[in-house]
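Before any comments, here is the structure.
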Amino acid sequence: MKKIIAIAAATLLSLITLAAQADFSGTAEIGFSANITDGDFDSLLNPGNMMEMKDLSMNTSLIARLDAGDEKTTFSAWFSLKEYPIGQALLAGTYDSYEAMIGGDTSTMDALLTGELIALAGDTIFSLDIMRFSVNVALGDYVSLIAGRQSMLTGYGYGWNPMDFANPLKDPSDPDADLRGVDALTFSADFGYIANLKVYGILPDDLLASGIDFEEIKGGGELTFYLPGFEVKLTGLYDYDAAEGSDAYVPSLGAGFMADLSGLGFYGEAAIRKGSRNYFTDGTYDGLSRKTDWTFSALAGLEYTFPNELYAIAEYFYNGEGLDSGERDNMETALEQAGALGGPTSDLFGMYRSGYFAKHYIMLSLMQPLYTINTDLILTAIFSPDSGALMILPSVSYNFSGNFSGRIDYAGMFDLYNDDFSEVSALPVKHIISTVFIFSY
């Protein structure tokens, strides 16, 4: 770990010396989590506790940001150093071998060798990821070019952004979390204070591994109109690859708006896609495919700040790519089959995403700052009316100083419809208490 940190620090310092005007900032986090359970982590997603989950865990992360530039050019680089439980992943890969050894079959040594490797190298690795690495060049007074790994996030929704086609999906339980950027080339043109036009091309994630094929490049655009108290966005994505269901990018069109009505913020988004980005199953563990029909998603939201500084957000999200009741039953059957064979595949596991699993979602988020005691109180609730999944997320944050703060979080998942399968039904842990200490520099 020390070697990785030294390399990252040397790289950042080298970049700083090359920049005449540079700002270096970031956050370092140390977190402790407690999983509240009956002691058995066995579930459809984690059969036999194949992920080796424990009652207590500690997590650390470091995000470093470097922003530099002059009158014509700006450069931005974000580096993320996080720890990953690689031991859990390795044990999951040898789950069949482990079960065979428990039953007395020693013909395979996969589980034994994996255990020796974990004992020798440790069960956790630290990974340095480049979240952003881009340069913005002014080609004129109103035209600019952005090249590199950049944020493509767009839309007005707090928990969801159905009109965002390029960026990774946000986590509605943590919408403010920094997301990894997208490798792209973007042209941006301003038309005074009336409109802005962006046209971009997205490159594949694994350029070095797969090379650049023209059919893998995705093109898109965004047009924004600025009006007094009103803003409108139009977005679109074109998939050059004609093979339907081959990847998570599909031809899409979207629109959104935001209006300020006497202090009440009202916004909405809608999108249509030629297919789905996520998989669906026919009820078997390996019968996964993406939809190819047109899907429709929409969001409506309200935001308001009360006289006592209470900030409230309410959103409704219709997820056209979500699973209906029959499709969720198929998912449950597929997980049961996969559990009998050792555990779910990565694609099957990836279908089980909180906040995107069902068709309908309602979010309410409240934040009350208490300036006199440097404290923020936050309560977020996410409910799915069709599946019965309810997530309650209260949080208390205290600012010790200008750079150091602490936070206590609780995440509670509840299944209100016992006769329906939801994203809560197969979770190995439904209640988590965590404490996070954050240093900003």
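All values below come from the heavy atoms of this structure, side chains included, with hydrogens, waters and symmetry mates left out. Only a predicted model underlies this, so the values are computations on that prediction, with no experimental measurement involved.
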Kindly say whether L179 contributes a backbone atom to a donor-acceptor pair with the side chain of R132 at under 3.5 angstrom? yes

side-chain contact (heavy atoms from CB on, under 4.5 Å) partners for I433, two or more places apart: I36, Y410

Does anything in residues 376-386 pair up under side-chain hydrogen bond (donor to acceptor under 3.5 Å, both in side chains), and if so which pairs, sequence neighbours excluded? S365-T380, S384-D386, S384-S387

Those residues that, when tested against F404, pass side-chain contact (heavy atoms from CB on, under 4.5 Å) (two or more places apart): F400, S401, F437, F439

Going by salt bridge (Lys or Arg N to Asp or Glu O under 4.0 Å), name the pairs with one or both residues in residues 307-325, residues two or more places apart or in two chains. R273-E321, R277-E321

I'd like to know if the side chain of E303 pairs up with that of Y158 as donor and acceptor (distance under 3.5 Å, no hydrogens or angles considered). no

The side-chain contact (heavy atoms from CB on, under 4.5 Å) partners of Y193 (sequence neighbours excluded) come to none

Aromatic ring pairing Y361/F317, orientation class (parallel under 30°, perpendicular over 60°, tilted between): parallel

Here the salt bridge (Lys or Arg N to Asp or Glu O under 4.0 Å) pairs for residues 414-426, sequence neighbours left out, are R328-D420

Apply salt bridge (charged side-chain N to carboxylate O under 4.0 Å, His left out) to D178 and list each qualifying residue two or more places apart in sequence or on a separate chain. R65

For A147, which residues count as a side-chain contact (heavy atoms from CB on, under 4.5 Å) partner, sequence neighbours excluded? V135, L185

For the pair T73 (side chain) and D70 (backbone), establish whether a donor and an acceptor sit closer than 3.5 Å, ignoring hydrogens and angles. no

Count the heavy atoms of every other residue, nucleotide or ligand shown that sit under 6.0 Å from OH of Y142, and state whether that count exceeds 12. no

Side chains of L364 and F383: does their closest heavy-atom pair fall under 4.5 Å? no

Which residues pass the side chain to side chain donor-acceptor pair (under 3.5 Å) test with S43, sequence neighbours left out? none

With sequence neighbours left out, write down each residue that passes ring pair (Phe, Tyr, Trp, His ring centres under 6.0 Å) with F357, or none if nothing qualifies. Y352

With distance as the sole criterion, is a donor-acceptor pair present between the side chains of K233 and T224 under 3.5 Å? yes

Under 3.5 Å: donor-acceptor pair, side chain of D129, backbone of S80: no

Can you find a side-chain donor-acceptor pair between N167 and T154 that sits under 3.5 Å? no

Among N136, V199, N196, side-chain contact (heavy atoms from CB on, under 4.5 Å) partner for S188: N196

Answer whether the closest heavy-atom distance between the side chains of E336 and L44 falls below 4.5 Å. yes

Strictly by salt bridge (Lys or Arg N to Asp or Glu O under 4.0 Å), give each pair with a member in residues 397-409 just once, sequence neighbours left out. R407-D409

Test item: side-chain donor near acceptor, Q150 and T186, under 3.5 Å: yes

Can you find a pair of side-chain heavy atoms, one from S57 and one from N59, that are under 4.5 Å apart? yes

Please list all pairs passing the salt bridge (Lys or Arg N to Asp or Glu O under 4.0 Å) test where one or both residues lie in residues 157-176, with sequence neighbours left out. none

